[in-house]
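Structure first, then comments.
In what follows, chains are A, B, ... by sequence order, proteins preceding strands, each numbered from 1.
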Amino acid sequence: MNYWLFKTEPDDISLDDIKAAKTKGLRWDGIRNFQARNFLRDQLAVGDGVFIYHSQCKTVGIVGTAEVTRAAYADPAQFDKDSKYFDAKATTDVPRWFCVDIRYTGTLKKPLLLSQLKADPRLSDMVLIKQGRLSIQPVTQQEWRYLHTLAQTETES
DNA sequence: GCCAACGTTGGC
DNA sequence: GCCAACGTTGGC
């Protein structure tokens with residue numbers, strides 16, 4: 001069991017969208033960064049915990065949680081000429097890009113703002129703090145637990 | 001909208 | 001295989 005943080009622009013996909021998909025969940029696709037791709041493809045497993053983080057918006061920070069319901073499979077968008085995620089170098093035999101499915105598991109009572117996380121010395125080693133631009137990143141078990149104590153998730157399912 | 005950080009591309 | 005140019009991310 002591992003833990004992760006997924007960034008998303010809420011104008012595109014927000015925690016509410018994930019929540020609205022209910023137990024059916026949704027596909028987390030369009031990852032086109034190799035480092036993020038490698039985590040996704042090689043390490044994400046069914047049941048892993050995911051923090052959902054909103055970027056490029058007014059309230060930047062962690063807003064809720066989800067869990068992985070399907071491990072990596074080839075991202076169909078890379079083969080779709082009409083998709084902005086189309087990649088001419090990808091073939092069905094040798095896909096370049098992968099996606100997973102996730103489902104909503106909870107909303108934080110209060111979002112954990114980036115400014116707050118940055119100011120917390122216990123989180124100075126978080127990938128989020130050390131490496132700004134990475135849309136899928138690992139979270140340690142200690143960080144996962146500590147962030148939950150900070151936020152007190154109310155779990156629904 | 002600006003700009004810093006950083007990943008990727010491509011010429012040599 | 002180096003490195004400059006370029007593109008993208010993402011906070012502010």
Side-chain angles (χ1 to χ4, degrees), chain A residues 2-21 25-44 48-68 71-102 104-140 142-144 146-151 153:
Chain A
N2 289 306
Y3 302 100
W4 308 94
L5 182 146
F6 287 9
K7 288 186 185 173
T8 181
E9 298 177 26
D11 286 347
D12 186 13
I13 296 183
S14 70
L15 183 66
D16 282 344
D17 296 324
I18 300 168
K19 186 175 181 180
L26 49 78
R27 172 184 292 154
W28 206 260
D29 60 3
I31 301 299
R32 294 293 181 272
N33 167 284
F34 288 105
Q35 219 181 336
R37 191 275 311 265
N38 292 346
F39 284 128
L40 192 75
R41 185 191 57 191
D42 304 333
Q43 294 189 46
L44 269 83
D48 280 2
V50 176
F51 278 127
I52 301 298
Y53 175 97
H54 282 174
S55 67
Q56 308 266 54
C57 59
K58 270 204 268 178
T59 314
V60 171
I62 299 170
V63 291
T65 56
E67 88 178 336
V68 177
Y73 57 102
D75 182 346
Q78 69 193 305
F79 309 123
D80 177 2
K81 280 209 173 74
D82 296 328
S83 169
K84 67 170 174 173
Y85 296 121
F86 176 72
D87 186 340
K89 291 181 189 163
T91 66
T92 44
D93 283 346
V94 188
R96 291 185 98 198
W97 307 110
F98 294 82
C99 55
V100 295
D101 292 350
I102 62 167
Y104 172 84
T105 52
T107 300
L108 303 191
K109 281 179 180 161
K110 271 169 67 179
L112 297 169
L113 301 180
L114 178 61
S115 53
Q116 175 189 353
L117 303 179
K118 273 185 174 167
D120 191 326
R122 289 188 60 178
L123 296 171
S124 57
D125 285 336
M126 263 194 93
V127 178
L128 182 69
I129 307 302
K130 292 209 295 196
Q131 186 180 348
R133 305 177 319 142
L134 186 58
S135 55
I136 290 188
Q137 52 180 261
V139 172
T140 67
Q142 296 93 302
E143 287 161 355
W144 178 265
Y146 178 60
L147 288 163
H148 271 94
T149 62
L150 286 182
T153 358

Please find out if less than 6.0 Å separates the ring center of A:W97 from that of A:F34.
yes

Taking CG from A:L134 and P from B:dT8, how many angstroms apart are they, rounded to a whole number?
11 Å

A:D17 side chain to A:S14 main-chain N or O, any donor-acceptor pair under 3.5 Å?
yes

Which value, rounded to the nearest 0.5 Å, describes the distance between A:I62 atom CD1 and A:L113 atom CG?
10.0 Å

Rounded to the Å, how far apart are A:Q35 CD and C:dG10 P?
12 Å

Nearest whole Å is fine: how far is B:dT9 C1' from A:R32 CZ?
18 Å

What's the closest nucleotide to the A:K89 side chain, out of B:dT8, B:dT9, C:dG10?
B:dT9

Could you tell me whether the phosphate oxygens of C:dT9, OP1 or OP2, come under 4.0 Å of any side-chain nitrogen or oxygen in A:Q131?
no

From B:dT8, C:dT9, C:dG11, pick the nucleotide closest to the side chain of A:F34?
B:dT8

CG-CG distance between A:L123 and A:L128, expressed to the nearest 0.5 angstrom
9.0 Å

Round to a whole Å and report the spacing from CZ of A:R96 to C1' of B:dG7.
13 Å

When rounded to the nearest 0.5 angstrom, what is the spacing between CG in A:D101 and CG in A:L44?
11.5 Å

Separation of B:dA5 atom P from A:L128 atom CG, nearest Å, is 17 Å

To the nearest angstrom, how far is A:I136 atom CD1 from C:dG10 atom P?
11 Å

A:R37 CZ - B:dG7 C1' separation (whole Å):
14 Å

Nearest heavy-atom approach of A:L15 to A:H54 is N-NE2, 3.1 Å

More 5' along DNA chain B: A:G132 or A:Q56, using each one's nearest nucleotide?
A:Q56

Look at A:Y53 and C:dG11 and indicate whether a side-chain polar atom (N or O) is within less than 4.0 Å of OP1 or OP2.
yes

Could you check whether A:E9 gets within reach of a base, just the sugar-phosphate, or nothing at all, counting any heavy atom under 4.0 Å?
nothing

What's the separation between atom CZ in A:R41 and atom CZ in A:F98, rounded to the nearest 0.5 Å?
6.0 Å

Considering every strand and a 4.0 Å limit on heavy-atom distances, what is the contact class for A:K118: base, sugar-phosphate, or nothing?
sugar-phosphate

When you measure from the side-chain N and O atoms of A:K7 to the phosphate of C:dG10, is any distance below 4.0 Å, counting only OP1 and OP2?
yes

Grab the CD-C1' distance between A:Q116 and C:dG11 for me, whole Å please.
17 Å

Test for a donor-acceptor pair under 3.5 Å between the base of C:dT8 and the side chain of A:R133, counting only N and O atoms.
yes

Between the protein and nucleotides 1-4 of chain C, are there any N/O to N/O pairs under 3.5 Å, and if so, what are the atom names and distances?
none

